[in-house]
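In what follows, a single structure is set out as structure tokens and then discussed.
Chain letters run A, B, ... following the sequence lines, proteins first and then strands; every chain starts at 1.
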2 protein chains.
Amino acid sequence: MVSFQQSMQHIRNYYYSEAQMIGSSFPRRFISQTYKNSFSKPRSNAAEIKLLAAKKHSEAEKRRRMRINGQYDTLRNILPNIIKKDKATVLVETIKQVKELRKKVSKLEVDGPKEVKFPSGADRLNLVKCNGEEGIVKATFSCEDRPELMSAIARALGSVQANVIKAEMMTLGGRTRSVLWVQGLGDEGLGKLKSTLKVVMHKPTFRMRHFTQ
Amino acid sequence: MVSFQQSMQHIRNYYYSEAQMIGSSFPRRFISQTYKNSFSKPRSNAAEIKLLAAKKHSEAEKRRRMRINGQYDTLRNILPNIIKKDKATVLVETIKQVKELRKKVSKLEVDGPKEVKFPSGADRLNLVKCNGEEGIVKATFSCEDRPELMSAIARALGSVQANVIKAEMMTLGGRTRSVLWVQGLGDEGLGKLKSTLKVVMHKPTFRMRHFTQ
DNA sequence: ATGTACACGTGACCC
DNA sequence: TGGGTCACGTGTACA
């Protein structure tokens, strides 16, 4: 609702600041007269102080608006496939996005990744610290499939003091991709595991070679 | 900036609507007089139309504000651990949340779920359609570990016409947990796989029993 | 007293 | 043209 003070403030603001800045056909004298006559408020220090305060106020409000609108802009940028860029739509789409992402996360947390990683055609070995905090190392490698591969890997793992938390293997077209989650592996153990796995990947052990031929 | 029209609009608004609703000591007659005298604008149809339009306008603007603020409220509700509830903060936290969730999703998509599911102590079998659209079935089961389990599972899978897209096994304390992603399985094949796996879980095949004893 | 945050009505602008 | 969106300055309440 528009209060009386609000209306008066508009008049005061117009008279004291705006009228001097912008040329206007507004009958300035009339307003100042009526203003003074009806309320007997002289153009005093108090009035000027009030106007200064109003200026500060509007500037602060502008800063607030800019802060908020800046966030709207970043939202508009990070939102995918946004057509209508108006504020309400941005918020609605953002909410949709958050809910969607949360659903996705909870699904991925129980189901695991949807898309399947196939064995690489070239021999590859990769060790990465999975999540720094827990000392879990994830070893991924692709190599030629052969019957004794499993036990060769087991032997390689036995040579370093560490626990295999989880393992995953996939075989396709004579190639095998393996992922091992290893826990409690020092930096030296990590290097040892890496070189041992490299050997396992490329040359069959002597006993197994006999077995396959 | 405050324009002349704006100031006048405040006065008109005050005079025509507010003054009647709220009792006020404001010199109403004075304003209406000066208004009429200085611009010779009678309280005509045109003026009333203008006021009606202004009312519609402000009401529409209020609806717009409510729409936006409603979205703010839902954001405040779905945001976790929000302390400051002011608009700018809500937007900032929302942006943070979206980025965080996206990072989480991309990490889960490559690494898989962080927390490891251990083999259940009790024998369990569970088949779920992983993502309806692709006809992939995820078969999860925990059972006692034994040497021929692998080949028994392979035989069970061979009895239904379907491809194993991916497999995951974990053994801990004599128990094994297996997850199989099977593709191209009809509803009848699903039932068959389920019963076959149930058998595999509980009783070793004849050949393998000989091997283990 | 000082600042922060919000709702409001309004002028401007764009289909 | 109106219907919708925005920025603005202001009133007001709260700390």
(request) Describe the nucleic acid contact of B:R63 in one word from base, sugar-phosphate, nothing, applying a heavy-atom distance below 4.0 Å. (result) nothing
(message) Under a 3.5 Å distance rule, please check whether B:R124 uses its side chain to pair with a backbone N or O of B:S142 as donor and acceptor.
(response) no
(message) With nearest nucleotide decided by heavy atoms, which residue, B:E59 or B:T89, maps closer to the 5′ end of DNA chain C?
(response) B:T89
(request) Assign B:K87 to base, sugar-phosphate, or nothing according to its heavy-atom contacts below 4.0 angstrom with the strands shown. (result) sugar-phosphate
(message) For a quick test of reading the model: is some side-chain N or O of A:N69 closer than 4.0 Å to OP1 or OP2 of D:dA7?
(response) yes
(request) Find the distance A:M66:CE to D:dG9:P and express it as a whole number of Å. (result) 13 Å
(request) Could you check how far CD of B:Q71 sits from C1' of C:dC6, rounded to whole Å? (result) 18 Å
(message) Regarding A:D86 and A:T89, do their side chains bring together a donor and an acceptor under 3.5 Å, going by distance alone?
(response) yes
(request) Say whether A:R102 and A:Q97, considering side chains only, have a donor N or O and an acceptor N or O under 3.5 Å apart. (result) no
(message) Quick check on DNA chain C: between A:R67 and B:S58, whose nearest nucleotide comes earlier from the 5' end?
(response) A:R67
(request) Would you mind reading off the distance between A:R64 atom CZ and D:dG9 atom P, rounded to a whole angstrom? (result) 14 Å
(request) Would you please say whether a donor-acceptor pair under 3.5 Å links the side chains of B:R76 and B:Q71? (result) no
(message) Tell me if the side-chain of A:H57 makes a donor-acceptor pair with the base of C:dG3, cut-off 3.5 Å, by modelled atom types.
(response) no
(message) Tell me the interatomic distance from B:R65, atom CZ, to D:dT5, atom P, rounded to whole angstroms.
(response) 13 Å
(request) Return the value, rounded to whole Å, for the distance between atom NZ of B:K55 and atom P of C:dC8. (result) 13 Å
(request) Write down the distance between CG (A:L91) and P (D:dC6), rounded to a whole number of angstrom. (result) 10 Å
(message) Rounded to whole Å, how long is the line connecting atom CD of B:E61 with atom C1' of D:dG4?
(response) 9 Å
(request) Scan side-chain atoms only and decide if B:N69 and B:K87 contain a donor-acceptor pair under the 3.5 Å cut-off. (result) yes
(message) Using whole Å, what does the distance between atom P of nucleotide D:dT10 and atom NZ of A:K50 come to?
(response) 12 Å
(message) By the 4.0 Å heavy-atom rule, please label B:K62 as base, sugar-phosphate, or nothing.
(response) sugar-phosphate
